Amino acid sequence: MREFVAGLPKVELHVHHVGSASPVTVAELAARHESDSPVPADPQELAEYFAFTDFEHFLRVYLSVVNLIRDAEDVRALTWGVARDLAGQNVRYAELTVTPWSSVRQGIPAEAFCEAIEDARLAAARELNLSLAWCFDIPGEATLNSGEKTLDIALRQRPAGLVSFGIGGAEVARSPYRDIFAAARAAGLHIAPHAGETTSAAEVWDAIRLLRAERIGHGIRAVEDPSLVAFLAENRIPLEISPTSNLCTRAVPSIADHPLAELVAAGVPVSINSDDPSMFSTTLIDEYVLAGQMLDLDKAGLADLARAAVRQSFAGDWEKSIILREIDEYCTSLDAGFISG
Ligand code: HPA
Ligand code: ZN
């Protein structure tokens, strides 16, 4: 199964820039900034540093790694490394969540930040057969002002790969961000906020009603409200699911308690994603294999999961059709018998 998933053309819809930095990259950055960073440079110690006691602890550690990114060259190298890791898993298209305000606050000019990620995007298309797209997200743990700043960067810089706008980090109330999201929407950006990862179904409702979310990051708490589950299914609002992330941040106590199967059985559209693969010692391939076990899927079912993610993506129709055809061709080349949807 693993081999099948590894070769399957895939898209990744929920993966964070910094959370995808390979342990080697993080260790190098940590060694460079040893004097003023708690992040260990030793690989063994780094693995222990990435063992999280809960979601708050995860965020503290995540932000300490964000703090290691000090200049545009770091951003360029980080983005290229992430692209290489994704392409190595046969990912054809990825929406990478980047948090420009964290870098701008660190002293990297917005223009330089956008230039660095765009350089990596163009190189990935040219050299890795990988299309990258950006989701600019607001760091929830910062003040509302960080939302305005993130919007301002998105609208002023408008890098060519930018497709969507979100909010992550601490799960603060979404309602104060309503006007900011309305402006992002008016500027033609898709809306894909994190919501209901560790909080409640009510926050998912707010993300839909107030922010007008088209997709929800995590959203697993939706399962607590049957009317919301029905709404997501009827209105085809997908959840971006990352089972290992939810386990590592203790958003769920165990994989057996994860609501993925219940949500899928209720007809909620889902995609499978890695979120912060390096910090959770996972890959997109691992997440597909795990989701396959959780949903009791055969190869045809796994290919359908990959197709669903393509359809839910913010890629253009032409790009979607190319990846869907690649999935079909991959399945046909292995066994003409298991083509479906
Ligand atoms: N949730 C919220 N914020 C994040 C996450 C996440 O899973 N990963 C990186 N920042
Ligand atoms: Zn996330």
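All values reported here derive from a predicted model rather than from experimental measurement. The figures here come from the full heavy-atom set of this structure, side chains too, leaving out hydrogens, waters and symmetry mates. As the structure lists them, so they are numbered: ligands from 1, and atoms in each ligand from 1.
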**OP:** May I ask whether H218 has any heavy atom positioned less than 4.0 angstrom from an atom of ligand 1?
**Re:**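 It does, in that a heavy atom of H218 comes within the 4.0 Å cut-off of ligand 1.
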
**OP:** To 10°, measure the NE2(H14)-the Zn ion (ligand 2)-NE2(H16) angle for me.
**Re:** 110°

Original post:
What atoms of ligand 1 come closer than 4.0 angstrom to any heavy atom of F58?
Top reply: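 With F58 as reference, the close atoms of ligand 1 come out as 5 (C), 8 (N), 9 (C).
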
Subject >> Atoms of ligand 1 close to F55 [distance to a heavy atom under 4.0 angstrom, numbered from 1] >> reply: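 Close to F55: 1 (N), 2 (C).
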
Subject >> Minimum-distance N/O/S atom that D275 presents toward the Zn ion (ligand 2) >> reply: OD1

Original post:
Of the backbone and side-chain N, O or S atoms of H218, does one lie nearer to the Zn ion (ligand 2) than 2.8 Å?
Top reply: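 False for H218.
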
Original post:
Hey, are E171 and T198 close enough side-chain-wise for a donor-acceptor pair under 3.5 Å?
Top reply: yes

**OP:** Classify the side-chain pair S200/E224 by whether it contains a donor and acceptor separated by less than 3.5 Å.
**Re:**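 There is no such pair between these side chains.
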
Original post:
Side chains of W80 and T25: does their closest heavy-atom pair fall under 4.5 Å?
Top reply: no

Subject >> Side-chain heavy atoms of E141 within contact of V172, under 4.5 Å >> reply: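 No; the side chains remain at least 4.5 Å from each other.
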
Subject >> Carboxylate-amine/guanidinium proximity below 4.0 Å for K149 and D152 >> reply: no

**OP:** Answer yes or no: is there an ion pair linking D119 with R76, defined by an N-O contact shorter than 4.0 Å?
**Re:**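 Between R76 and D119 there is a salt bridge, with a charged N closer than 4.0 Å to a carboxylate O.
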
Among all the protein's non-hydrogen atoms, which is closest to [atom], and how far away is it?
atom                   : value
atom 7 (O) of ligand 1 : D275 OD2, 2.7 Å
atom 8 (N) of ligand 1 : D276 OD2, 2.7 Å
atom 2 (C) of ligand 1 : G169 N, 3.3 Å

Subject >> Shortest reach to atom 4 (C) of ligand 1 by a heavy atom, considering only H14, H16, E197 >> reply: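 The option holding the nearest heavy atom is H16.
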
Original post:
Is a side-chain donor or acceptor of E197 paired with a backbone partner of G217 at a separation under 3.5 angstrom?
Top reply: no

Original post:
How does F280 reach ligand 1, by side chain, by backbone, by both or by neither, if only non-hydrogen atoms under 4.0 Å count?
Top reply: neither

Original post:
Honestly curious: do F231 and I220 fall in one hydrophobic cluster under the side-chain, below-4.5 Å linking rule?
Top reply: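 Yes, F231 connects to I220 through the hydrophobic network.
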
